[in-house]
> 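Please find one structure pasted underneath; my questions will follow.
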Number of protein chains: 2
Amino acid sequence: MTEEQKGKINQMEDFFIDKIADNMTTYGVSPTVGRVLGIIYMNRKPMTLNELSEATGMSKTRMSQVVREMLDLNIAEKIFEKGVRRDLYTVERDYYQTFVSLFTSNWQKVINKNKMFDKKVKTELVSILEQAEISEEDEIKINHLLKETKEWVDYYQWLARLVDFFESGEIFKHVPKT
Amino acid sequence: MTEEQKGKINQMEDFFIDKIADNMTTYGVSPTVGRVLGIIYMNRKPMTLNELSEATGMSKTRMSQVVREMLDLNIAEKIFEKGVRRDLYTVERDYYQTFVSLFTSNWQKVINKNKMFDKKVKTELVSILEQAEISEEDEIKINHLLKETKEWVDYYQWLARLVDFFESGEIFKHVPKT
DNA sequence: CAGTTTGTAAACTTTTTATTTCACAAAGTT
DNA sequence: AACTTTGTGAAATAAAAAGTTTACAAACTG
């Protein structure tokens, strides 16, 4: 086997890593997060911060930051191995599961942020509406906003159901894996 | 009606715009794109670059850039109105449709980028495998990669079906709007 | 206990992305 | 035809994000 062929194999692995990373950025994570995920994935076993630092050519501190982000997103996990002092990290090996994790954590975040919004707006609008002296024009405007609020709430409830549809695995019943 | 109440109404509209923008960033678009979408949405009728520039406090050039990005993403449309010289832009008013448009354009892009990938890798790997002198270790590695390629292809086909599931509106049969 | 190693915060630097300014062609007006 | 207005490139600047260096506490080692 020539050196050239050895190189080819490694090159193919790097191709995969790039593709995984590329795919990943579509979820809104930074390219480095994607790359690290790809690296651990292709490594087929847990890695330490030092190894990652070595593999990416980036500082250990950066790896620490990236790994933490991945833990937050539920796409990596810290694992314990007896006798090993350094922290070891694995990634989800199932592409579908990774998709679901990122999809749900992104949208769940938005849903939570909007939790209190409609109540606040509604209360405020109704209280203005209850005042005696309002021009007709303004009343129309307020009613528009109230209607808008309702639609917004409906949309968010749909989003929540959608997230659940993915998280529960229901999606795979209708869009099967193979 | 006091000035204060007038202010409250405008404030509520701004709240909406911010929430729309915030929601939007989850699709990976810049905050300004989200904000412009929110502004046109709340305006309830098409707007010109000058109006947008006025409303955002940003330069007209920037608005031109933002609007073009929105056209690319299929979340805005240029419309013609006789007698009006300036270009007018509307946005999709249906939150669900906006979700679907962004979801599909994002993932479609990734799917397209990956179109040729697997063929290239597979050809390359098989050609190495056909060489006579390969260490057992390397053979295992290559077979791993081939298996990986297969899984990757399956995943991408699933993604394509998923995109279609949204684009066709099928999703709403299983996660209904109301 | 003195000496390492490990992970991460804090401050700084670099790179990338967002935005503005300036310029100019194309279309519209008078 | 001279004069405006409109939309958008291209280059420059500002703002934000990504990444590094230094420093240090906590957990290990001998």
Side-chain angles (χ1 to χ4, degrees), chain A residues 17-18 20-22 24-40 46-73 75-91 102 106 109, chain B residues 17-18 20-22 24-40 46-73 75-91 102 106 109:
Chain A
I17 292 171
D18 287 349
I20 292 172
D22 189 31
M24 221 45 30
T25 60
T26 308
Y27 303 104
V29 303
S30 79
T32 307
V33 169
R35 193 142 154 262
V36 166
L37 185 133
I39 288 169
I40 302 179
M47 295 177 79
T48 66
L49 293 182
N50 282 333
E51 287 170 331
L52 288 174
S53 175
E54 164 78 17
T56 56
M58 285 179 186
S59 70
K60 193 154 61 92
T61 300
R62 181 61 185 141
M63 292 305 105
S64 173
Q65 297 164 343
V66 164
V67 158
R68 208 146 12 124
E69 197 179 334
M70 291 170 68
L71 293 176
D72 279 352
L73 292 166
I75 55 174
E77 218 178 330
K78 190 194 264 199
I79 68 158
F80 296 94
E81 208 168 283
K82 59 182 174 186
V84 179
R85 183 169 155 198
R86 297 180 183 173
D87 294 355
L88 281 167
Y89 300 94
T90 13
V91 295
L102 287 171
N106 281 338
K109 229 173 274 167
Chain B
I17 292 171
D18 287 348
I20 292 172
D22 189 30
M24 220 45 30
T25 59
T26 308
Y27 302 104
V29 303
S30 79
T32 307
V33 170
R35 194 143 153 260
V36 166
L37 185 134
I39 287 169
I40 302 179
M47 295 176 79
T48 65
L49 293 183
N50 282 333
E51 289 171 329
L52 287 174
S53 176
E54 166 78 17
T56 54
M58 285 180 184
S59 70
K60 194 153 61 90
T61 300
R62 181 60 184 140
M63 291 305 104
S64 173
Q65 297 165 343
V66 164
V67 158
R68 205 140 20 119
E69 197 180 334
M70 290 169 67
L71 293 175
D72 280 352
L73 292 167
I75 55 174
E77 218 178 330
K78 191 194 264 201
I79 67 158
F80 298 94
E81 209 168 285
K82 59 181 172 185
V84 180
R85 182 170 155 199
R86 297 179 181 173
D87 294 355
L88 281 166
Y89 299 94
T90 13
V91 295
L102 288 171
N106 280 339
K109 227 172 277 167

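Sequence lines set the chain letters: A, B, ... in the order given, protein chains first and strands last, and positions in each chain run from 1.
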> Judged by each residue's nearest nucleotide on DNA chain D, which is more toward the 5′ side, B:Arg86 or B:Gln65?
B:Arg86
> Please report, rounded to the nearest Å, how far the C1' atom of D:dT6 is from the CD atom of B:Glu54.
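Rounded to the whole Å, the gap is 17 Å.
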> Going by atom type alone, with no hydrogens or angles, which donor-acceptor pairs under 3.5 Å involve a side-chain atom of residues 30-40 of chain A and a protein atom two or more places apart or on another chain?
unit_1, atom_1, unit_2, atom_2, d
A:Ser30, OG, A:Val33, N, 3.4

> Using distance only, find each side-chain donor-acceptor pair of residues 57-73 of chain A under 3.5 Å and give its atom names and separation, not counting sequence neighbours.
unit_1, atom_1, unit_2, atom_2, d
A:Ser59, OG, A:Arg62, N, 3.2
A:Arg62, NH1, A:Gln65, OE1, 3.1

> Nucleotide by nucleotide, 5' to 3', does protein get under 4.0 Å of the base (B), only the sugar-phosphate (S), or neither (-) in nucleotides 24-30 of chain D, counting heavy atoms?
---BSS-
> Just compare D:dT8, C:dT6, D:dG7 and give me whichever is closest to any side-chain atom of B:Asp87.
D:dG7
> Taking only distance into account, with no hydrogens and no angle test, what donor-acceptor pairs under 3.5 Å do side-chain atoms of residues 78-86 of chain B form with protein atoms, sequence neighbours excluded?
unit_1, atom_1, unit_2, atom_2, d
B:Lys78, NZ, B:Asp87, OD2, 3.1

> How many angstroms lie between atom OG1 of A:Thr48 and atom CG of A:Leu52, to the nearest 0.5 angstrom?
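Here the rounded value is 6.5 Å.
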> Return the value, rounded to whole Å, for the distance between atom CD of A:Glu69 and atom P of D:dA17.
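Between P of D:dA17 and CD of A:Glu69: 12 Å.
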> How many angstroms lie between OH in B:Tyr27 and CD1 in B:Ile75, if you round to the nearest 0.5 Å?
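If we round to the nearest 0.5 Å, B:Tyr27:OH and B:Ile75:CD1 are 9.0 Å apart.
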> Output the residues of residues 57-64 of chain A in contact with DNA chain D, where contact means a heavy atom of the residue under 4.0 Å from an atom of the strand; sort by number or write none.
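By residue number: A:Met58, A:Ser59, A:Thr61, A:Arg62.
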> Rounding to an integer number of Å, can you tell me how far B:Leu52 CG sits from D:dG7 C1'?
13 Å
> Output the rounded distance in Å from CZ (B:Phe80) to P (C:dA27).
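The distance from CZ of B:Phe80 to P of C:dA27 comes to 13 Å, rounded to the nearest Å.
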> Pull out every residue in residues 27-37 of chain B that has a heavy atom closer than 4.0 Å to any atom of DNA chain D, ordered by number, or say none.
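Here the set is empty: none.
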> Can you measure from OG1 (B:Thr90) to CD (B:Glu77) and round to the nearest 0.5 angstrom?
5.5 Å
> Starting from C1' on C:dT8, measure out to CG on A:Leu49 and report it in whole angstrom.
10 Å
> Roughly, in whole Å, what's the span from OH in A:Tyr89 to C1' in C:dT8?
10 Å
